[in-house]
Each structure stands twice: as C-alpha cells, then as structure tokens.
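Let me begin by presenting the structure, written as structure tokens, before commenting on it.
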Amino acid sequence: MAEVINMPRLSDTMEEGTVAKWLKNVGDKVEEGDILAEIETDKATMEFESFYEGTLLHIGIPEGEGAPVDSLLAIIGKEGEDISSLLNGSAASSEVQEADAADEPVDDSSESSDEVSASAEVPEGVEIVKMPRLSDTMEEGTVAAWLKKVGDTVEEGEILAEIETDKATMEFESFYSGTLLYIGIQEGESSPVDAVLAIIGPAGTDVDAVLNAKPSSGGKASAPAETQKEAPKKEAAEPKSVNDGQRIFASPLAKKIAKEKGIDLSSVSGSGDNGRIVKKDVENYTPAATPAAAPQKAAATTAAPASAPVILPVGEEGSEEVKNSQMRKTIAKRLSESKFTAPHYYLTIEVDMGNAMASRKQINDLPDTKVSFNDMVVKACAMALKKHPQVNTTWNGDTTRYNHHVHVGVAVAVDDGLVVPVVKFTDQLSLTQIGAAVKDLAGRARNKKLTPAEMDGSTFTVSNLGMFGITEFTSIINQPNSAILSVGAIVQKPVVKDGQIVVGNTMKVTLACDHRTVDGATGAQFLLTLRSYLENPVTMLA
C-alpha cells in the first residue's frame, strides 16, 4: 500500500517548510534511508531521509515552494499503483475547507486567497507559482532579480528568480516546464507569502481567464495585460546579465548597486566563489576614467592659492538608499521589541585578567589544545548562573520560569546580520569542550549550516567585541533571556597592587539585565561571582 509522506516539523517553532531540492524524481526507486529532498527552514537546510521503500509516485511540493507542516510532500508505493484516492482525498479536504470559508462573511481579498488555492480551477498544464514561506518568521519576500521574462521558455530546474528573505537571498528554481505566462511580483517589489509570483504553462494560454477567476489575488489581477506589457520593459531596463553569451554570476545586492551606480558588471572582477561578483566588488570598482579626474582636480587645487587666500571645499553632495534585507528587518523588529518591552539596566565591572592570561598560556601549551578568553568567559558565566538562578530566568507575564539547565548563547556576526548559536549544558563542559563547540557553531553559523535546534533554547547570552578593540559597550537582551553579558578587550594599564603602581591587564564586562526578573543587587552579586572565577581560573577546574 502506498505511503503518504507529509512535510515534517523540523523544529518546535516551524510552521512551514520549503523544498530546497528534490534528490529523487517521480518514478525513481527509493530505498529506506535514501535522501529524498533537502528541506529548508529559516534556520538551516536539512536532508530528509525516506523511512519507506518503493517507487516515488508523486511529488506534492515542487522545488522552491513552501507549504505548511503536515502538507502532502510525497507518495511512495509500488510502481504503477493507483494513488488517485489519496490525491482525491486531499482535494476533497481542500474543497470542504473552502465550503466552510464560504459560509462566513469575508472581504474580496480573502475570497481571492481561497480561490487561488483551488487547483481544480486552474487549466490542465498551467501552474501557479506562489511566494514561498522560507522561514517561520517570514511574512513577505522580495524579488531581487528575475532571470526569465514573460514569453521565455522555462525548463524544469532552470532558475526563475532570486528571492530575498529575512535570512538570505536564494535562487528560485522552476519545478515545471513550459512558458512563463505571467509575472506577478516585479523586481525590487515585496509581497506577502502565498501571493502569486508567476504563472507557467503552455504558450497561448489565456492568462486573463486564470487571473479573472481570482479577481483580487494581490491586487494584480485587475490589470494583467498591463503587467505583462510592463514586465518586458523592466527586463530591458536591467543591467546586462550576459557577456559573450555567458551569464554573469553576481549577488542580487551587487546587481542592485551596479544598476544604481550605472556600472557594467561585465567589467567587474568577482571575488566570490567561482568568480561570483559580490557587494564589495561593485563598491570597490573604479572605472578607468576616474583616475583622469584626479590631476584636473589637483591642478585646480594648486591654482587656487594664487587666485584666492581662502580655499573653499568644492564637491557634489551624494547619497544612496539600499533596501533593507529581510534579516535586517527581523533583527530590527526583535531588538526593538526587547528594548521597548524589557526595562533594561546596566552594571559594569573591571576584571584583573593577569591570572587568566597565565592560565590560558599554560593550557594552550598542551598538545592539541586551544582555549580563547571568550571560552573562559562562557565557562565562568555558566558556573555563575548555577549560583545565581535568578539570572537564569525568563519573564512570562504572570509567571517567571526558572531554568534549571544552563544553555549559553554566543553572538556571532555573519554577513547579513547576527545569529546566536547555543552551547547546550554549558556548565557541564570543560574549557576545551566549550572552545571546540563554539568554534564549530560559529563556523557553521557563517555558512548558514546551523540547524534550528542549535539556535533555540538559550537561557543567557554572551556578546564579545573585545577582539575588535572595543573596551566597553552595552548590549540589548536576547529575548527570552533575562540578561546578556557584553565583553570588552583586555587592556594593559597602570593598576595599584599592594600600594604600588604596576602594569596590569584588565577587562571590562557589562551585564544588561531585565529589571522584571533580575534586581540590581542580584545582578551585582552575579558579576562578583563571575569576576572571582575569571581572576582565579583554577576555581573553574575544581
């Protein structure tokens, strides 16, 4: 009997998933343990194994499209097996939901959304491609670039567009073959998840009939003819994306900046993978004609003193606006909520790092051992949290949750923003284990290879800018934590010891606390305990 495979829930916060890539096609043999597909959440892309053996009879979610958890993902069974009852059962369920929705008062936009989802009204061979939900926090997506235009022939597996989310900009592949009949979201425009992105089908299909059946889909169906006419014009206005018949590989942001600055990408050398042009390549690009302007300006400057006693600066004011990525919007939203809902206060203390520096040197002299000062801070925080459980809490309105486990999040800067991988049960790990864990998590964070579970569940956070020379700063609490520690650089300075001025090495740390859960005295006691561990590292090994 055929087995129905639904979209799995890969994290406790996951509501929808996106099929990044199918590794099996309809008709392929599948063995238990074979990788069926790569499923993408807002945190990572994970391989999804088959628990069944048989033939892949049906694919329910095409590559690049998102669907809610428990949606029909695939069907595996015997070759030639009749699965119409399984498919009709899914369709019947959808019709019942639509009938229920029809009994309730709804506006035109909600009717449009329901009708778009009714695949029974779409002509055979015509596929409606929607804006996928690529993360559980994603509410809208932006089309960074279209690589096809209306009227182009599209083959299965070809890249249709580049879609920007709150986490990354990804190439969106077509799962269908046919002609691109309609583009619903133009380049640079943003639309909610499930808005009509494009329509693919046989050439000559009456697109008006498809769109008119859904009169309010995203507000674009009212003028489909205009949209189809404007799409080729916009495509023609884009910077050239071919060079001697070959496509130029460039990030969407690089293309956008090049367009705004009028730079021909064919003359820019890429420093990314496989020669891909990235943002810094465009920003650092200097046209051949630019140096010629320098002598002219220098000559004018040289001549100025002879004609006037005062040299006034002469130039042209300029600025540019770069559209915010979905990741930056999400960071802004979450940090604003934290800052404006949690009453922050800050406590700063200075730590003598002399013993810590000597201990670290001795530890790192051991074979195959590498410990950083940040690892020592993380370990000290974990042990201090066990002694001050009030800091290891979460405010829940009517209740305060006391976490008996210690999971320390470590802030890591990535190209598009900031992520916080979590070192689980930190208090039970040695310094070398913490160092290995942080190094592994930080590396995979920068490559966006972390799983959702590796970024969830922190009870306390450490943010370290000391490696950049920052001596002191304050951080915004990473909700739902009650506190975050900001770690500065180790500074060599005169200090007083035993009544004598000597050279010492000190480091400032600042604790940001949520006053709803952590009182000032509690925060101060936590910092004193933290300082005692850092100034006497041997106590962390006891």
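- In terms of heavy-atom proximity, Pro421 sits nearest to Leu441 at CB-CB, 3.8 Å.
- Put simply, the side chain of Thr529 does not reach to within 4.5 Å of the side chain of Gln525, judged on heavy atoms.
- A donor-acceptor pair under 3.5 Å is formed between the side chain of Tyr345 and the backbone N or O of Gly520.
- Side-chain contact, Ser486 with Ser463: no donor N or O sits under 3.5 Å from an acceptor N or O.
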Test log, rule side-chain contact (heavy atoms from CB on, under 4.5 Å), inputs Ile163 and Met131: CA-CA 9 Å; Ile163 306 295; Met131 175 67 73; 3.9 Å; yes
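- In this structure a side-chain-to-backbone donor-acceptor pair under 3.5 Å is missing from Asp498 to Gln500.
- Other residues, nucleotides and ligands place no more than 12 heavy atoms under 6.0 Å from the CD1 atom of Ile501.
- Using the six-membered ring where Trp is involved, Phe526 and His388 have ring planes that are perpendicular, over 60° apart on the 30 and 60° scheme.
- Between Met383 and Thr539, every side-chain heavy-atom pair lies at or beyond the 4.5 Å cut-off.
- Put simply, the residue from Val423, Leu429, Ile434, Val410 that forms a side chain to side chain contact (heavy atoms under 4.5 Å, CB included) with Asp375 is Ile434.
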Candidate pair Lys493 and Glu350, rule side-chain contact (heavy atoms from CB on, under 4.5 Å), full reasoning: CA-CA 12 Å; Lys493 57 184 284 188; Glu350 195 166 17; 3.0 Å; yes
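- Ionic pairing of Lys259 and Glu187 is not present here: no N-O contact between side-chain nitrogen and carboxylate oxygen is shorter than 4.0 angstrom.
- In the model, Thr432 has no side-chain atom that pairs as donor or acceptor with a side-chain atom of Thr369 under 3.5 Å.
- Using a 4.5 Å heavy-atom cutoff, the side chains of Val422 and Val408 are not in contact.
- At a cut-off of 3.5 Å, with distance as the only test, no side-chain donor of Asn374 or Ser372 sits close to an acceptor on the other residue.
- Interatomic distance, CD1 of Ile476 versus OG of Ser338, reported as 6.5 Å (0.5 Å rounding).
- Between the side chain of Asn364 and the main chain of Val371, a donor-acceptor pair closer than 3.5 Å is present.
- In this structure a side-chain-to-backbone donor-acceptor pair under 3.5 Å is present from Asp514 to Arg516.
- Note that SG of Cys513 and CD1 of Ile477 are 6.5 Å apart. Values are rounded to the nearest 0.5 Å.
- Atom OG of Ser458 and atom NZ of Lys424 lie 9.5 Å apart (nearest 0.5 Å).
- The closest side-chain donor-acceptor pair between Asn403 and Thr459, if any, does not fall under 3.5 angstrom.
- Atom CD1 of residue Ile183 and atom CD of residue Glu189 lie 11.0 Å apart, to the nearest 0.5 angstrom.
- For the pair Lys508 (side chain) and Ile490 (backbone), a donor-acceptor distance under 3.5 Å is absent.
- For the residue pair Glu16 and Pro68, the shortest heavy atom distance occurs at CG-CA, 3.6 Å.
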Derivation and outcome, side-chain contact (heavy atoms from CB on, under 4.5 Å), residues Asn505 and Gln492: CA-CA 4 Å; Asn505 293 279; Gln492 195 172 67; 3.8 Å; yes
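- Under 4.0 Å is where a charged nitrogen must lie from a carboxylate oxygen, and between Lys323 and Glu164 no such pair does.
- The closest side-chain donor-acceptor pair between Ser482 and Thr393 falls under 3.5 angstrom.
- Taking all atoms of both residues into account, the shortest heavy-atom contact from Ser336 to Ala332 is OG-O, 2.7 Å.
- In this structure, Leu431 and Ile363 have side chains that are in contact, with non-hydrogen atoms separated by less than 4.5 Å.
- Without hydrogens or angle criteria, Lys379 side chain to Asp427 main chain gives a donor-acceptor distance under 3.5 Å.
- The closest side-chain heavy-atom distance from Glu49 to Ile35 is below 4.5 Å.
- In this structure the side chain of Thr474 never reaches within 4.5 angstrom of the side chain of His344, judged on heavy atoms.
- The nearest pair of heavy atoms linking Val282 to Val268 is N-CG1, 4.5 Å.
- Checking side-chain atoms of Thr341 against main-chain N and O of Glu337 turns up a donor-acceptor pair under 3.5 Å.
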Chi angles and distances behind the side-chain contact (heavy atoms from CB on, under 4.5 Å) call for Glu535, Val351: CA-CA 7 Å; Glu535 292 185 345; Val351 181; 3.6 Å; yes
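- Without hydrogens or angle criteria, Thr517 side chain to Trp395 main chain gives no donor-acceptor distance under 3.5 Å.
- With hydrogens and angles ignored, the 3.5 Å screen pairs no side-chain donor or acceptor of Asn6 with any backbone N or O of Val69.
- For Lys261, the NZ atom sits in a packed shell: over 12 heavy atoms of surrounding residues, nucleotides or ligands are nearer than 6.0 Å.
- Remark: side-chain polar atoms of Glu454 are paired, donor with acceptor, to backbone N or O of Thr451 under 3.5 angstrom.
- When every heavy atom of Val19 is checked against every heavy atom of Pro62, the shortest pair comes out as CB-O, 3.8 Å.
- Here the side chains of Leu530 and Leu485 are in contact, with some heavy-atom distance below 4.5 Å.
- Here the CZ-CH2 distance, from Phe48 to Trp22, works out to 8.0 Å after rounding to the nearest 0.5 Å.
- Taking each heavy atom of Phe425 and His407 in turn, the nearest pair found is N-ND1, 2.9 Å.
- Using a 4.5 Å heavy-atom threshold, the side chains of Phe373 and Met357 count as touching.
- Between the CD atom of Glu320 and the CD atom of Glu260 there is a distance of 6.0 Å, given to the nearest 0.5 Å.
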